[in-house]
Amino acid sequence: EKKMQLALIRRYLWVVPVILGAVFIAAGAYMFSEGRAAKAEVSAALIAEQVTTPEDASIPSALVQDPATAQAQADIILTHSLKSSNGKTYSEMERTDPARATYLNGLTLRTALNLAVMGFKGSDLVMGLGAFVVVIGVSNVALLAPALFWLGAGVQEEARVGARRQARTQLPAPSGS
């Protein structure tokens, strides 16, 4: 009876990777979709501000809408902030320095732009992980399930052959009359 249970498990074991594969494919597709939606949301928020990089930016006269233009804008704000503060950072300035408020405004803008860059990178990571999970799901369905199916079929065939052999050895010997 235990052999029969084991044979039954082996026979239907291939279903497990198909189910897991389908779950992985669905989860990966969801992750990819959410990553793409997050990326679009960050881009839309940047575009809504209608910020254009200045002429002296590394990407001049471009609408800030993606990680490259957001980083270019953050970098040029830092350059302008340091220029207006004679090369001093916020913490290096005297509290009474009038350039301190201007530097703080630039720091706030740079932080927001850098957060947008991180949002883009985070969404890229989620999209990449989603694609990877889809590949794992597809490999479960396309590789592991057939392998287990054929393994189960082989075990089933071995059981049939063994049963036939056993039946042949248990046949009574023919009588000589």
Side-chain angles (χ1 to χ4, degrees), residues 9-85 87-93 99-154:
I9 289 171
R10 284 187 179 151
R11 181 176 182 184
Y12 294 107
L13 188 60
W14 65 272
V15 174
V16 174
V18 169
I19 293 169
L20 281 174
V23 168
F24 279 133
I25 290 168
Y30 176 76
M31 288 173 68
F32 190 87
S33 168
E34 288 299 304
R36 194 168 174 175
K39 193 171 193 170
E41 188 177 327
V42 172
S43 183
L46 286 173
I47 290 170
E49 292 300 321
Q50 291 296 301
V51 175
T52 303
T53 58
E55 289 296 321
D56 57 342
S58 60
I59 303 174
S61 303
L63 180 66
V64 176
Q65 63 182 350
D66 56 31
T69 54
Q71 189 63 56
Q73 183 68 14
D75 292 345
I76 199 63
I77 289 173
L78 176 60
T79 301
H80 291 172
S81 295
L82 288 172
K83 188 175 181 183
S84 71
S85 68
K88 293 181 182 177
T89 63
Y90 181 78
S91 62
E92 294 171 333
M93 289 185 224
R100 193 171 178 162
T102 303
Y103 192 92
L104 184 59
N105 286 339
L107 180 63
T108 303
L109 292 171
R110 285 193 345 261
T111 300
L113 289 164
N114 286 328
L115 188 58
V117 171
M118 285 182 4
F120 279 115
K121 289 182 179 186
S123 64
D124 285 343
L125 177 65
V126 170
M127 288 169 50
L129 286 172
F132 181 70
V133 170
V134 166
V135 169
I136 290 172
V138 168
S139 66
N140 266 323
V141 172
L143 301 174
L144 188 57
L148 289 175
F149 176 80
W150 291 113
L151 178 68

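Since the structure is predicted, the reported quantities are computational estimates derived from the model, not experimental observations.
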For residues S123 and V42, determine if any side-chain heavy atom of one lies less than 4.5 Å from a side-chain heavy atom of the other.
-> no

Got D56 and H80 here, is their nearest side-chain heavy-atom distance under 4.5 Å?
-> yes

Within a strict 4.5 Å, meaning less than it, do heavy atoms of the S85 and R100 side chains meet?
-> no

Pairwise side-chain contact, E55 with S61, heavy-atom cut-off 4.5 Å (strictly under) | yes

Trace of the side-chain contact (heavy atoms from CB on, under 4.5 Å) decision for Y103 with L82 = CA-CA 8 Å; Y103 192 92; L82 288 172; 4.0 Å; yes

Verify, without hydrogens or angle tests, whether S43 (side chain) and Q65 (backbone) share a donor-acceptor contact under 3.5 angstrom.
-> yes

Side chain to side chain contact (heavy atoms under 4.5 Å, CB included) with V51: which of V64, L113, L109?
-> V64

Can you check side-chain contact (heavy atoms from CB on, under 4.5 Å) on N114 and M118, steps first, answer last?
-> CA-CA 6 Å; N114 286 328; M118 285 182 4; 5.7 Å; no

Distance in Å, L20 CG paired with N140 CG, rounded so as to fall on 0.5 Å steps = 6.0 Å

Would T69 and D66 count as having a side-chain donor-acceptor pair, cut-off 3.5 Å?
-> yes

Rounded to the nearest 0.5 Å, how far apart are CG of L107 and OH of Y90?
-> 8.5 Å

With no hydrogens and no angle check, is any side-chain donor or acceptor of S33 less than 3.5 Å from a backbone partner on A29?
-> no

Min side-chain heavy-atom separation V16-L144 under 4.5 Å = no

Say whether, by atom type as modelled, one donor and one acceptor occur between the side chain of T53 and the main chain of I59 under 3.5 angstrom.
-> yes

